[in-house]
Amino acid sequence: MVSYDRIMKLSLERGFYFPSSEIYSDSPAGFWEYGPNGNNIKNKFIELWRRELVRRDDMIEIDGSQIMSKNVFVASGHIDNFSDPVIVCSKCKSIFRADKFILETAGIDVPERVPNNEVDKILNQYNLKCPKCLSSFQQTERFNMMFKVGIGPNNDEAYLRPETCQTIFVDFTRIFKIMRGKLPVPIAQVGKSFRNEVAPRQSLLRLREFYQAEIEVFCNPNQLDAISKFDDIQDTTLTIDEGTKVSKLTAKEALDNQIIPNKLIGYYLSILYEFYEKTGIDMNQTRFRKLSDQEKAFYATIALDFEVKTSLGWLELVACNYRSDYDLSQHSKISREKMEIMDPVTNEKILPHVFELSLGVDRSIYSILEHSFAEDHENKRVVLKLKPYLAPILGAILPLVKKPELEEIAKNIYCNLKKDFDMYYDGSGSIGRRYRRLEEIGVPFAITVDYDTLKDSTVTIRYRDTMEQRRIKIKDLKSFFEINKKP
RNA sequence: GCGACGAUCGUCCAGUUUGGUCUAGGACAUCAGAUUGCCAAUCUGGUAACCCGGGUUCAAAUCCCGGUCGUCGCACCA
């Protein structure tokens, strides 16, 4: 298996991703840039997500704000649940998690959501001091994983969203009305979320600013098995890890065996699976893992993670949570906005439930890179076997040697194709070197203009994975790329 | 956030032990030119780095302190 370090090296050398603000010594951890190649892959990944999930399932896609008011997160529970009590030594400024500290020193098991004054009381009562300098602690504070921002001259309290889905929840009633929604109605969004991670690590795998592609399926909780399109995917084979046992079985079998609770969840897990199949990730190295009650988020009643095996172990790519009506009822309560809707199918007035597929884009990109990376020792080359529709560049136009008559034709071909496809022109160095360079960033096709081109207007197509070469007429190139850029 | 270790061209590494030889060297990559009829060829020339701040010293890539970042472990991952 390719190591994390090897992918990291490739990324730095070839511009997939690299640290943000790296010329400054005070640049914070957990922020990374996509370079030209990485950005192209990311855009194409998102476009594939749209094709295979959003358009396939007639989803509605929105693009919401990244900064949202305090009340949004009071309602969502993030103000309360997303923070840890923290105590700071008044002298040496050492920081401790209050609940852990009290458990370790006084042996008292306080809940994570313990009020600040309660912590202060316990510290006093048991005379707990800083273990490093034996000084007393300052008043208990909260460390919140959300980034707080101040709006306007008064610095009104607001936050960068820690998950994209909250915009979907707060917008739900308007979207449902204007789009003449019928349950189940999936609403999708791709965008950035922000979490003030304590220890961001491993580049794209734990970021403070990251892309999520989320799908919130609003549904009638009484109609979870009334999904006729389940039949389309019932033979999709899923690997499901229930903690005690791992089963590989079709969606239908999983449903029959109660491993999946209903058709709606089965359907969405299956189309998610089929989407990832198309990314080039080795599906034998993936699984859905049922989360235990301890692992589940506070809003989830059923939770499965879609995970992929990488050199760093199993990596969570998609959180699939049945959030019930938690979010809508909370937003309804705090905003005093009625969020019940008429289900036109059953003529019931209900508060919809939500099943979500919360996908981590950056982790997916990393996994695709790792699973696409191949070292071809026989030919002494490194090949990134990206699917053509995910490759940062679809094709490169190369003059065989540096001769004006070949370069002119090659540049013409390049100019004729570059508006329709992601093309690249390279005329420097030996032809073999150029092939090697291209396959390292995953360019699937190289077009070489040679001396035969002058005679019969054909060029060589070289295939990245097999190194095979075929001749094709210049005028047929457009349709060749048209066909080959499709999933 | 804690602890251990580390940080030199785009990448990998030498130089730090024992301060002066370093206006920092090599390899790969890259750029320009020459050459080249298809898989990292060759020749010539070029670009390019001591993480940041402070201190010690006649003198710091090298020693000391602080910060930042990175790797690993713990914790965290709603």
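Residue numbers start from 1 in every chain, and the chains themselves are labelled A, B, ... in the order their sequence lines are given, proteins ahead of strands. These figures come from a predicted structure and were not determined experimentally.
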Open item on the list: When the C1' atoms of B:rG15 and B:rG54 are compared, how many Å lie between them, rounded to an integer?
Closed with: 25 Å
Task: Electrostatic pair A:R436:A:E439 at N-O distance under 4.0 angstrom - done: yes
TODO: Can you figure out which of B:rG70, B:rA40, B:rC76 approaches the side chain of A:W32 most closely?
DONE: B:rG70
- [ ] Please evaluate the base of B:rC39 for a donor-acceptor partner in the side chain of A:R462 within a cut-off of under 3.5 Å?
- [x] yes
Open item on the list: For A:Y273 and A:F306, take the angle between the two ring planes, folded into 0 to 90°, and tell me which bin it lands in: parallel under 30, tilted 30 to 60, perpendicular over 60.
Closed with: perpendicular
- [ ] Starting at atom CG of A:L207, determine the distance to atom P of B:rG70, rounded to an integer number of angstrom.
- [x] 11 Å
Open item on the list: Less than 4.0 angstrom between a side-chain N/O of A:K402 and OP1 or OP2 of B:rG33, yes or no?
Closed with: yes
Task: Selection from B:rU11, B:rU36, B:rC76 that lies nearest to any side-chain heavy atom of A:E13 - done: B:rU11
Open item on the list: Nearest whole Å is fine: how far is B:rC77 P from A:D305 CG?
Closed with: 14 Å
- [ ] Rounded off to whole Å, could you give me the CZ-to-C1' distance for the A:R208 and B:rG1 pair?
- [x] 10 Å
Open item on the list: At 4.0 Å (heavy atoms only), tell me whether A:D452 reaches a base, stays on the sugar-phosphate, or touches nothing.
Closed with: base
Open item on the list: Would you call the rings of A:F481 and A:F445 parallel, tilted or perpendicular, taking 30° and 60° as the class edges?
Closed with: perpendicular
- [ ] Would you indicate what A:K380 reaches in the nucleic acid, counting non-hydrogen atoms under 4.0 angstrom: base, sugar-phosphate, or nothing?
- [x] base
Open item on the list: Classify A:E316 by what it touches in the nucleic acid, base, sugar-phosphate, or nothing, heavy-atom distance under 4.0 Å.
Closed with: nothing
- [ ] Please find out if less than 6.0 Å separates the ring center of A:F147 from that of A:Y159.
- [x] no
- [ ] Mind checking A:Y4 for me? I need base, sugar-phosphate or nothing, with any heavy atom below 4.0 Å counting as a touch.
- [x] sugar-phosphate
- [ ] Kindly indicate whether the side chain of A:Q469 and the base of B:rC38 share any N or O donor-acceptor pair separated by less than 3.5 Å?
- [x] yes
Open item on the list: Is the distance from the ring center of A:F45 to that of A:F275 below 6.0 Å?
Closed with: yes
Task: B:rG45 to B:rG6 separation - C1' atoms, rounded to the nearest Å - done: 37 Å
TODO: Rounded to the nearest angstrom, tell me the gap between atom CD in A:E295 and atom P in B:rC77.
DONE: 11 Å
- [ ] Quote, to the nearest angstrom, the P distance that separates B:rG53 from B:rA60.
- [x] 15 Å
Open item on the list: Does the plane of the ring in A:Y211 sit parallel, tilted or perpendicular to the ring in A:Y34? Use 30° and 60° as the thresholds.
Closed with: tilted
- [ ] Please state whether the base of B:rC38 and the side chain of A:T460 form at least one donor-acceptor pair under 3.5 Å?
- [x] yes
Task: Touch class at under 4.0 angstrom, heavy-atom based, for A:M145 against every strand present - done: nothing
Task: Polar pair under 3.5 Å, donor/acceptor by atom type, side chain A:R201, base B:rC76 - done: no
Task: Length of the line joining A:Q202:CD and B:rC77:P, which is rounded to integer Å - done: 17 Å
TODO: Take the protein atom NZ of A:K403 and the nucleotide atom P of B:rG37, then report the distance between them rounded to whole Å.
DONE: 7 Å
Task: Between C1' of B:rU42 and CD1 of A:I431, the distance in whole Å - done: 17 Å
TODO: Just compare B:rG1, B:rA41, B:rU11 and give me whichever is closest to any side-chain atom of A:K9.
DONE: B:rU11
Task: Short side-chain N/O contact to B:rA29 OP1/OP2 from A:R433, under 4.0 Å - done: yes
Task: Nearest listed nucleotide, side chain of A:A199, among B:rG1, B:rA40, B:rC31 - done: B:rG1
Open item on the list: Quick check: any donor-acceptor pair below 3.5 Å linking the side-chain of A:Y435 to the base of B:rC38?
Closed with: yes
Open item on the list: Could you tell me the Watson-Crick or G-U partner of B:rG45, where both distances fall under 3.5 Å? Say none if there is no partner.
Closed with: B:rC31
Open item on the list: Please tell me if A:R437 has a side-chain N or O lying less than 4.0 Å from either OP1 or OP2 of B:rC39.
Closed with: no
Task: Lys NZ or Arg CZ of A:R287 over A:W314 ring: under 6.0 Å, within 45° - done: yes
Task: Below 4.0 Å: OP1/OP2 of B:rG67 and any side-chain N or O of A:S25 - done: no
Open item on the list: I'd like the P distance from B:rA48 over to B:rC31, given in whole Å.
Closed with: 16 Å
Task: Any A:S27 side-chain N or O less than 4.0 Å from OP1/OP2 of B:rC69 - done: no
- [ ] Look at all strands and tell whether A:P162 reaches a base, only sugar-phosphate, or nothing, counting heavy atoms closer than 4.0 Å.
- [x] base
TODO: Rounded to the nearest angstrom, tell me the gap between atom CG in A:L12 and atom P in B:rC51.
DONE: 17 Å
TODO: Could you pick out which residue, A:S428 or A:G30, lies toward the 5' side of RNA chain B when each is mapped onto its nearest nucleotide?
DONE: A:S428
TODO: Tell me which nucleotide among B:rC72, B:rC38, B:rA40 gets nearest to the side chain of A:R471.
DONE: B:rC38
